[in-house]
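Everything on this sheet refers to the single structure shown next.
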Amino acid sequence: MSEEKSLNFIEEIVEEDLKTGKYKSIVTRFPPEPNGYLHIGHAKSICLNFGLAKKYGGKTNLRFDDTNPTTEETEYVESIKDDVRWLGFEWANEFYASDYFEQLYVFAVTLIKKGLAYVDDSTSEEIAEQKGTPTVPGTRNRYAERSIEENLQLFADMRAGKYADGSKVLRARIDMASHNMLLRDPILYRIKHAHHHRTGDNWCIYPMYDFAHGQSDAIENITHSICTLEFIPHRDLYNWCIEKLEIFPSHQYEFARLNMTYTIMSKRKLLQLVNEGHVTGWDDPRMSTISGMRRRGYPAEAIREFCDRIGVAKRENLIDIGLLEFCVREQLNRIALRRMVVFDPLKLVITNYPEGEEHLQSENNPEDPNAGHRDIPFSRELYIEREDFMENPPKKYFRLAPGQMVRLKSAYIIRCEELVKDAAGNITEVRCTYIPESKSGSDTSGINVKGTLHWVSVKHAVTAEVRLYDRLFKVEDVANAEGDFKDHINEDSLTVLANAYAEPALLNDTPDDRYQFIRKGYFCLDKDSSADKLVFNRTVTLKDAWAKEAKKS
RNA sequence: UGCCCGAUAGUAUAAGGGUAGUACAACUGAUUUUGGUUCAGUAUGUCGUGGUUCGAAUCCAUGUCGGGCAACCA
């Protein structure tokens, strides 16, 4: 018997609907507006919608909610498709709300004929005024008294392009005194003489979200239309349209959107970061976009795991970004090839090691016996990390210090004998002796050391650029922090190391490989790499118990 | 001041009238040729007040707090 994971509230609804026979199978949809790139918050929605269909044997449509031509672009359509595919999901159909423009127009005419919609010539200011306030009912204007015939003619003329942008709208006739402001005769259609990314110049009137989304759901026989909390008030209107139009009764359910510490989750703000040059683009590895995370090296599986762990509920939340990083490490630990790279080199000479070189073997991944081994050249002169040596070490410092012994990973145990300084007193070289019988795999020295260091042979070192990323914002709750969100940008979110020294095995690996630079973190090759220049992105650091220990004192 | 949604460890999320559990984070220890991984363990929680009940996180009432609602955006 497998361990049963508890259901989230939407899964419960689905199971109930299936059990009672309300539906034989379910149909969901992921409905992005193509006006920006997808971010990790969308990933939650994608995993929910596609995950539900996968789990309960239904299907999921990808539907672009493209009813506002002035903000939407084909570039975004393509990026969204890439991201959904990369996340590991396949849509049953690729649809566009704009596919339904003709049908939607007919729906509008139907409402007019039923006396449930009218053409209003008021300005947007007038409409806003007449709306009232949450505590004061709105009022209907004289345009609401137009006859059905007149409305029909006017609406046809709107479509025909006889009127200027903003001069007329089509409104539903519902209830100007409703507690729900959205029911106070909401606008259904507006005039926009704008070029649409798919329908071109065929239309100059475009439906509003509320007159496109639910109807699109109905057309596609969506059984469970899942959206975020801010659409709760829209549900009344969603249901009103279904009732009056007598179309397939899709049901809307709302869940709380994902918020994550130290990041923003707004397409508008993300776009601002891109446009104002705070990042290099939508796929900058510091961005919370799916493409940014992909470039940074986050595996799709880790993102799916994350979405699974955060759960689905209706209360607002702020998820610790540490959980995402945990999921990334968990996955990468299993698959990453171990390599050695020195970021801040300090020369180390093994005085009793002969000239020449030998080739050592090291496991590609201790977690995976099938990952095999690689060859690492070893010689008399090596680079180690500068921070791995201290002349006057504190307590519990297991690394190199005068007279102290450490193991060089997959090689020998060495002892620090002396150090060399320049005129300014900076340490320029560490001189050690090695213990020949301590060779990894055939150690007969009987010596136990606490520390193990990574290293690279000077003669064989390959120069690489390494990009280290930190969080893009300095405050946990960016959206609710005081002032403009850009005031909280972390100016030190990117550190570029132009001359790191890497072991030569890194030259042979493929672009899709994931690495763990031993004791440093997880890395992947960046797309900026070329034949003569390796560029690595740090995906995430390793957990660092020493940093925590060192901070204590 | 109207209507709607919500409230369980630090953060998330279960328990659907019957022992408050899980994950991340934190802390302690063991293992380790990565101060990684793994393993073992510790601490921390039901918003308040009444009520129903043998028994309430759960049901009822009421209060408090947080969020949303008046775009020709989605």
Side-chain angles (χ1 to χ4, degrees), chain A residues 5-8 12 31-33 35 65-68 70-72 120 122-124 127-129 131-138 165-171 178-182 184 187-192 205-206 208-210 212-213 227-236 254 256 261 267-268 309-320 322-327 329-330 333-334 338 340 362-363 366-367 396-399 406-411 413 438 440-441 443 448-454 476 516-522 541-550:
Chain A
K5 204 190 168 225
S6 54
L7 304 176
N8 65 49
E12 284 176 1
E33 184 189 12
N35 66 347
D65 233 334
D66 55 350
T67 57
N68 186 0
T70 52
T71 59
E72 296 154 5
D120 191 333
S122 306
T123 64
S124 62
I127 289 176
E129 268 170 44
K131 263 229 154 115
T133 72
T135 50
V136 178
D165 288 8
S167 62
K168 280 181 171 52
V169 291
L170 182 73
R171 296 177 73 176
S178 174
H179 292 302
N180 185 341
M181 299 297 289
L182 284 163
R184 320 248 269 219
I187 293 173
L188 267 21
Y189 266 90
R190 76 283 216 195
I191 300 171
K192 269 180 195 265
I205 56 171
Y206 292 93
M208 298 288 288
Y209 166 85
D210 287 304
H213 197 98
C227 60
T228 46
L229 256 27
E230 65 267 31
F231 291 97
I232 288 175
H234 293 254
R235 192 175 60 229
D236 289 339
E254 311 87 8
T261 56
K267 278 197 264 185
R268 202 194 89 244
R309 284 181 184 243
I310 57 178
V312 178
K314 296 191 79 159
R315 66 186 89 105
E316 273 155 38
N317 58 77
L318 181 62
I319 307 276
D320 185 350
L323 180 60
L324 211 207
E325 293 174 344
F326 169 85
C327 294
R329 288 192 188 102
E330 184 184 46
N333 179 49
R334 283 203 288 267
R338 312 295 136 123
M340 294 199 284
S362 189
E363 54 209 338
E367 306 298 316
K396 293 192 193 168
Y397 186 80
F398 304 149
R399 283 114 98 143
V406 297
R407 170 168 299 276
L408 294 174
K409 173 72 182 171
S410 298
I413 292 175
S438 67
S440 282
D443 185 350
N448 266 321
V449 293
K450 281 215 137 174
T452 300
L453 307 188
H454 62 282
E476 274 206 338
Q516 184 197 104
F517 292 173
I518 290 177
R519 305 209 302 138
K520 283 294 176 189
Y522 293 99
T541 60
L542 254 23
K543 275 216 285 197
D544 192 346
W546 169 243
K548 209 176 273 180
E549 183 66 32

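Each chain gets a letter, A, B and so on, in the order its sequence line appears, and its residues count up from 1.
In this structure, A:Phe326 reaches the sugar-phosphate backbone alone: every heavy-atom distance under 4.0 Å involves primed, P, OP1 or OP2 atoms, never a base. Residue A:Glu367 is in base contact, counting any heavy-atom pair closer than 4.0 Å across all strands shown. Counting any heavy atom pair closer than 4.0 Å across all strands shown, A:Asp544 reaches sugar-phosphate atoms only and no base atom. At a threshold of 4.0 angstrom between heavy atoms, the contacts of A:Leu318 are confined to the sugar-phosphate backbone, with no base atom among them. Residue contacts for A:Pro233: at a heavy-atom cut-off of 4.0 Å it reaches no nucleic acid atom on any strand shown. As judged by a 4.0 angstrom heavy-atom cut-off over every strand, A:Val312 is placed among residues touching the sugar-phosphate backbone only. No contact: A:Arg184 has no heavy atom under 4.0 Å from any strand. If you check every strand for non-hydrogen atoms under 4.0 Å, A:Arg407 touches a base. At the heavy-atom level, A:Tyr189 lies nowhere under 4.0 Å from the strands shown. A:Pro366 comes within contact range of at least one nucleobase, with a heavy-atom separation under 4.0 Å. Using a 4.0 Å heavy-atom cutoff across all strands shown, A:Gln516 reaches at least one base atom of the nucleic acid. Looking at heavy-atom distances under 4.0 Å, A:Lys396 makes contact with a base.
Listed by chain and residue number, A:Glu385, A:Glu387 satisfy the salt bridge (Lys or Arg N to Asp or Glu O under 4.0 Å) test with A:Lys520 (two or more places apart in sequence, or in another chain). A:Glu367 is linked by a side chain to side chain contact (heavy atoms under 4.5 Å, CB included) to A:Asn333, A:Arg338, A:Asn365, counting only residues two or more places apart in sequence or in another chain. Here A:Arg184 pairs with nothing under the side-chain hydrogen bond (donor to acceptor under 3.5 Å, both in side chains) rule; sequence neighbours left out. Scanning for side chain to side chain contact (heavy atoms under 4.5 Å, CB included) contacts around A:Val406 gives A:Leu400, A:Ile414, A:Leu453, with sequence neighbours left out. Under the side chain to side chain contact (heavy atoms under 4.5 Å, CB included) criterion, A:Arg235 pairs with A:Asn239, A:Gln252, A:Glu254, sequence neighbours left out. Partners of A:Tyr522 under the ring pair (Phe, Tyr, Trp, His ring centres under 6.0 Å) rule, at least two apart in sequence or in another chain, do not exist in this structure. A:Phe231 pairs by the ring pair (Phe, Tyr, Trp, His ring centres under 6.0 Å) definition with A:Tyr209, A:His234, not counting sequence neighbours.
Here the side chains of A:Lys192 and A:Asn68 are in contact, with some heavy-atom distance below 4.5 Å.
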Dot-bracket for RNA chain B, 5' to 3', Watson-Crick and G-U pairs with both distances under 3.5 Å, [ ] for crossing pairs, | for partner on another strand, reads .((((((..((((....[..)))).(((((.......)))))....(((((..]....))))))))))).....

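Nucleotides of RNA chain B with any atom under 4.0 Å from a heavy atom of chain A span, from 5' to 3', B:U1 to B:A74.
Positionally, the nearest nucleotide of RNA chain B for A:Glu363 lies more toward the 5' end than for the other of A:Glu363 and A:Phe231. Judged by closest nucleotide on RNA chain B, A:Phe398 is the one of A:Thr67 and A:Phe398 placed further toward the 5' end.
One C1' atom belongs to B:G66, the other to B:G48, and the distance between them is 15 Å to the nearest Å. Comparing B:G17 with B:A74, their P atoms are spaced 42 Å from each other, to the whole Å. Spacing between B:A9 and B:A14 at atom P, rounded to whole Å, works out to 13 Å.
Between the side chain of A:Lys267 and the main chain of A:Glu33, a donor-acceptor pair closer than 3.5 Å is present.
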